[in-house]
Number of protein chains: 2
Amino acid sequence: MPQLKSKGHCLSCPVRHRSIFSDLPENLLNESLEGFETSVMVYEEDEIIFKQNANSSESVYTLRKGLIKICKSLPDGRIQIMRVLVPGCLFGIDGFVGENYNHTARALTDCEVCRLPLGGLSKLRRKHPEIDHAILSRFVKNLRQTEDMLLELGAKKAPEKLATYILRLSQSFAANGLKLSSDGLNLSSKEEWHSLPLSRSEIGSLLGLTIETVSRFFSDWKRKGFIKESKGNIQILDAKGLKEVACIDESCGK
Amino acid sequence: MPQLKSKGHCLSCPVRHRSIFSDLPENLLNESLEGFETSVMVYEEDEIIFKQNANSSESVYTLRKGLIKICKSLPDGRIQIMRVLVPGCLFGIDGFVGENYNHTARALTDCEVCRLPLGGLSKLRRKHPEIDHAILSRFVKNLRQTEDMLLELGAKKAPEKLATYILRLSQSFAANGLKLSSDGLNLSSKEEWHSLPLSRSEIGSLLGLTIETVSRFFSDWKRKGFIKESKGNIQILDAKGLKEVACIDESCGK
DNA sequence: CGACCGATTGACTATTTTCAAGTGGTGTGG
DNA sequence: CCACACCACTTGAAAATAGTCAATCGGTCG
């Protein structure tokens with residue numbers, strides 16, 4: 001069961017600089033957020049934050065800590081992961097338009113989630129166009145990312161999808177300062193090890209492949225010396241080789 | 001080459017009630033839109049409105065007439081159709097955040113497009129929260145639709161994708177008043193004929209299939225009496241049969 | 001009529017899934 | 001400390017699915 005941990009305090013929030021409030025000047029934060037009551041919820045691994053088709057709540061969420069997967073499923077149980085949220089992500093936006101949730105949000109690791117009441121937020125938006133713009137910008141980025149995934153799933157073959165995924169993962173680690181490791185392992189950043197946030201079967205579910213197909217290509221690339229793996233951490237040895245497989249730049253059709 | 005047809009006139013706009021201005025009271029329309037200069041552009045079939053990776057313009061667009069396909073492509077030329085725009089759709093929203101276009105917009109039929117300058121629009125948004133809400137709501141719907149496609153492409157097999165597409169198409173005709181026919185054919189609405197906006201190869205490109213696979217299942221279903229087709233118009237004879245194939249409700253795994 | 005173009009069909013091939021068996025690491029209880 | 005179970009992952013062989021290549025059909029247009 002999700003636990004209420006505390007009220008939120010934007011000024012001391014660990015992800016404020018990544019949140020939709022990042023552009024608010026610090027001095028405004030204090031006075032502006034007067035009366036804006038957020039709460040921090042704690043979820044354990046595998047707990048559901050909200051479910052596809054459920055009524056959306058009068059809140060929207062920001063991930064503070066941990067990882068969340070956003071999924072949709074077919075009536076017969078097949079699951080497609082849409083994306084993985086990292087700290088700072090805004091989610092549950094169906095609440096904005098009062099529609100039922102279009103997908104399920106499930107904790108991939110133990111998580112902390114900040115719950116922002118819609119009423120208060122819309123007052124803030126009116127007072128501070130920066131917030132409004134930040135939200136808009138999230139929406140557009142979110143859509144772009146989902147469109148990119150659509151291209152991956154619709155147009156690419158299994159090895160291309162997988163290679164792209166590993167490369168993107170590594171980029172996103174780089175962009176986030178090389179550290180999202182869920183298990184607290186300390187690794188030399190020079191060697192660029194990355195902890196895999198997803199299991200084989202989840203990677204399959206993200207890319208529309210079976211666990212066996214994922215496993216086979218990974219094994220293949222280990223034999224070829226493209227990648228190395230130990231204890232759920234992965235290292236790219238030959239980015240150029242992977243890029244040729246991935247079809248991300250001109251070197252595409254070999 | 002796209003042609004400037006005229007200045008836009010919101011009051012007499014044929015798609016006003018489907019546009020982001022649909023919630024503005026008519027009396028406000030007149031005075032509010034003072035100084036908001038839109039222009040109507042005409043594109044021929046197959047012309048490009050904007051290209052993936054190009055700088056976004058200082059405008060955003062509303063489709064007035066015709067159909068537009070939104071696509072992304074891989075460096076080696078493979079193309080994925082993301083969605084098909086119908087009159088009233090807002091598009092080119094990368095302009096909102098000043099990013100390069102994430103996809104290509106191409107006229108599927110001869111089109112009329114209304115170009116809304118961002119500067120003027122953002123003034124309007126501030127003056128009329130209805131517009132702002134309409135835009136937000138479009139964004140969310142757009143994201144939901146793209147997520148739905150992600151599930152289609154990632155989790156479904158060829159016949160499921162195809163059957164779902166035909167059924168959705170028919171629903172969307174129903175929702176839009178049974179008439180989007182691009183070639184002006186007049187058909188009895190009782191028989192529920194629907195003109196196919198996409199060629200076989202475009203359907204393939206939308207669903208991540210080859211033209212041959214599309215063709216084979218269509219032929220198969222014609223033999224089985226699920227559908228009928230003539231002159232680019234399609235009729236669903238056995239929606240129940242198709243639904244069983246499509247995996248959209250409980251009757252999924254048969 | 002003949003050229004062209006989209007769609008269809010068939011035969012074959014490639015890719016990916018399915019099913020089944022096996023490996024290796026981790027944690028628990030005797 | 002070992003035996004055992006458990007679980008994620010790996011591997012192999014067979015089957016299913018979808019793609020490729022090539023020939024053909026049928027309609028449209030000059």
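Lettering follows sequence order; numbering is per chain, from 1. Keep in mind it's a predicted model, so treat the numbers as computed, not measured.
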Trace of the salt bridge (Lys or Arg N to Asp or Glu O under 4.0 Å) decision for A:R200 with A:E229 | CA-CA 13 Å; A:R200 295 288 188 269; A:E229 196 186 17; 2.7 Å; yes
Please report the distance, rounded to the nearest Å, between [atom1] in [X] and [atom2] in [N].
X      : N      : atom1 : atom2 : result
B:F217 : C:dA7  : CZ    : P     : 17 Å
A:D220 : D:dT11 : CG    : P     : 10 Å
B:I211 : C:dT9  : CD1   : P     : 13 Å
A:L198 : D:dC9  : CG    : P     : 10 Å
B:W221 : C:dT9  : CH2   : P     : 14 Å
B:R78  : D:dA18 : CZ    : P     : 18 Å
A:I203 : D:dA8  : CD1   : P     : 14 Å
A:E202 : D:dC7  : CD    : P     : 16 Å

For DNA chain C, the residues among residues 150-166 of chain B that have a non-hydrogen atom under 4.0 Å from it = none
Could you tell me whether A:G208 contacts a base, only the sugar-phosphate backbone, or nothing, with contacts defined as non-hydrogen atoms closer than 4.0 Å?
->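 Since only primed, P, OP1 and OP2 atoms lie under 4.0 Å of A:G208, the category is sugar-phosphate.
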Heavy atoms, side chains only, cut-off 4.5 Å: are A:T146 and A:N142 in contact?
->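 SC-SC contact between A:T146 and A:N142 confirmed.
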Side chains of A:P75 and B:D249: does their closest heavy-atom pair fall under 4.5 Å?
->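 The answer is no; the side chains never approach within 4.5 Å.
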Out of B:V113, B:L85, B:I93, which residue meets the side-chain contact (heavy atoms from CB on, under 4.5 Å) rule with B:Y61?
-> B:V113
Can you check whether A:R106's main-chain N or O pairs, donor with acceptor, with A:Y43's side chain at less than 3.5 Å?
-> no
Would you say A:Q80's side chain and A:L206's backbone share a donor-acceptor pair under 3.5 angstrom?
->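 A pair under 3.5 Å: yes.
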Determine: side-chain N/O of B:S219 to OP1/OP2 of C:dT9, distance under 4.0 Å, yes or no.
->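 So the side chain of B:S219 is within the cut-off, an N or O lying under 4.0 Å from OP1 or OP2 of C:dT9.
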N/O-N/O pairs, protein side and nucleotides 21-30 of chain D side, under 3.5 Å:
from	atom 1	to	atom 2	distance (Å)
D:dC21	N4	B:E212	OE2	3.0

Might you point out which heavy atoms bring B:S59 and B:Y101 nearest each other, and give the distance in Å?
->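 B:S59 and B:Y101 have their closest heavy atoms at O-OH, 4.4 Å.
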Return the nearest nucleotide to the side chain of A:S215; candidates are C:dT17, C:dT8, D:dT11.
->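 Nearest nucleotide to the side chain: D:dT11.
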Ranking D:dA18, C:dT9, C:dT8 by distance to the side chain of B:T213, first place goes to D:dA18
Evaluate salt bridge (Lys or Arg N to Asp or Glu O under 4.0 Å) for A:D110 paired with A:K65, printing each intermediate quantity in order.
-> CA-CA 8 Å; A:D110 291 351; A:K65 204 170 126 188; over 6 Å; no
Flag the pair A:E147 and B:R83 as a salt bridge only when some basic side-chain nitrogen lies within less than 4.0 angstrom of an acidic carboxylate oxygen.
->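 Yes, this pair counts.
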